[in-house]
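Structure record follows, encoded as structure tokens.
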Amino acid sequence: MPDVLIVGSYITDLTARTAALPKPGETVIGTDFQTGPGGKGGNQAAAAARLGSEVVFVTKIGRDAFGEQAKHHFMKEGIADTYIIETEEAPTGTALIAVDDKGENMIVVTPGACGHLSAGEVEQAEKVFEEAPVLLLQLETGMGAVEKAAELAFRKGAEIILNPAPYRELPDRLLQKVTYLTPNETEAEEMTGVAVTDKDSAEKAAAILLSRGVSTVIITLGRKGCFVMNNYEKFTVSGEPVKAVDTTGAGDAFNGALAHFISTGMELHEACLLANRAAAVSVTRTGTAPAMARLEELKRL
Ligand code: ATP
């Protein structure tokens with residue numbers, strides 16, 4: 001029985017380090033190159049699986065070398081691949097990332113195959129919607145796939161976590177199905193027009209999102225932790241005092257962990273506390289999926 005169902009993106013990160021980023025038309029020499037698994041859906045799947053969830057991932061990859069790497073990664077992380085669709089129509093999604101000595105980066109994301117995940121393909125996975133108590137969604141695939149997944153999960157009575165990243169306008173008919181909406185500060189501002197800088201502004205933004213039909217709003221606040229609000233309670237979870245070396249994928253770590261702990265039936269405050277802790281562990285390591293926390297590490301923190 002799956003605990004967490006994730007419908008979303010898988011992207012291969014191709015990261016080069018270089019002293020200075022190239023200007024248009026310029027070629028620079030890199031000092032280090034790495035390929036690694038990425039994409040919000042893939043990262044969140046790894047985060048939930050490492051904490052012990054049975055994760056079923058619905059995504060689309062190309063029939064190419066990066067697709068083969070993806071399958072190897074899913075197997076290594078214990079992510080079920082029953083609904084991973086392979087296509088020859090588009091390559092596996094990629095992110096070309098250049099990082100300079102100051103940590104500045106330039107990124108070109110080509111969603112490729114996962115950008116073509118369709119509502120019909122999500123519907124073919126309908127059986128798994130009957131079994132998973134929690135569905136986790138982000139916005140790197142087409143909106144048709146996102147809305148179909150929410151519709152199926154809502155009909156089956158599952159709890160739906162929507163991480164609205166990257167930002168795009170969302171219809172109220174989708175937000176009304178969402179149990180937990182998890183924007184970061186920027187996305188909360190983009191969705192509400194309220195600049196989230198402190199607890200008061202977070203509360204103002206959350207109130208607007210609740211009025212659009214979401215059941216609970218969880219705004220992640222980077223190193224400051226997260227702010228949580230619904231019609232019954234509101235609270236802040238303070239950030240963990242860790243030495244951050246790479247915060248890329250922190251939001252994915254938080255969302256994957258939240259889905260895991262919610263699926264265990266844990267009470268909301270406790271689930272947010274542990275998701276916050278799992279995300280804090282992930283920022284102490286470089287990379288995205290490979291940086292995700294394991295359960296025993298949360299106990300140690
Ligand atoms: P990203 O886009 O980098 O993946 P995000 O902007 O979606 O991240 P954030 O709000 O920056 O998400 O961070 C998500 C969570 O990660 C926070 O709620 C917190 O739990 C944890 N976190 C992020 N940065 C730090 C940090 N410097 N120290 C401790 N915890 C952190």
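Throughout, numbering of the chain's residues begins at 1 and tracks the sequence. Worth knowing before you read on, the calculation uses all heavy atoms, side chains too, and leaves out hydrogens, waters and symmetry mates. In each ligand, atom 1 is the first atom listed, and ligand 1 is the first ligand listed.
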Answer yes or no for Gly239: is there a heavy-atom contact with ligand 1 below 4.0 Å? no
Protein heavy atoms near atom 10 (O) of ligand 1, is at least one of them under 4.0 angstrom away? yes
Side chain to side chain contact (heavy atoms under 4.5 Å, CB included) partner of Glu121, the single match among Ile85, Thr141, Thr87: Ile85
Test side chain to side chain contact (heavy atoms under 4.5 Å, CB included) applied to Leu174 and Met143, step by step: CA-CA 10 Å; Leu174 173 62; Met143 275 312 287; 3.8 Å; yes
Linking Ile, Leu, Val, Met, Phe, Trp and Tyr by side-chain heavy atoms under 4.5 Å, what else ends up with Tyr232? none
Under a 4.0 angstrom heavy-atom cut-off, which atoms of ligand 1 come close to Val242? 28 (N), 29 (C)
Number the atoms of ligand 1 from 1 as they appear, then name those within less than 4.0 Å of a heavy atom of Leu221, with their elements. 10 (O), 18 (O)
In terms of atom number and element, which parts of ligand 1 are under 4.0 angstrom from non-hydrogen atoms of Ala279? 15 (C), 16 (O), 20 (O), 21 (C)
In this structure, would Ile262 and Val178 fall into the same cluster of hydrophobic residues linked by side-chain contacts under 4.5 Å? no
Any idea which part of Thr220 is under 4.0 Å from ligand 1, heavy-atom wise: side chain, backbone, both or neither? both
Return the closest protein heavy atom for atom 27 (N) of ligand 1 as residue, atom name and distance. Arg223 CB, 3.3 Å
Answer yes if Leu273 and Val134 sit in the same cluster of Ile, Leu, Val, Met, Phe, Trp and Tyr residues linked by side chain heavy atoms under 4.5 Å apart, and no otherwise. yes
Pair Tyr10 and Phe74, ring centroids less than 6.0 Å apart: yes
Contacting atoms of ligand 1, where contact means under 4.0 angstrom from a heavy atom of Gly225: 17 (C), 18 (O)
With heavy atoms and a 4.0 Å threshold, my read on which part of Ala244 contacts ligand 1 is side chain
Of all the atoms in ligand 1, which lie at a distance below 4.0 Å from a heavy atom belonging to Glu240? 28 (N), 29 (C)
4.0 Å heavy-atom contact, Ala165 with ligand 1: no
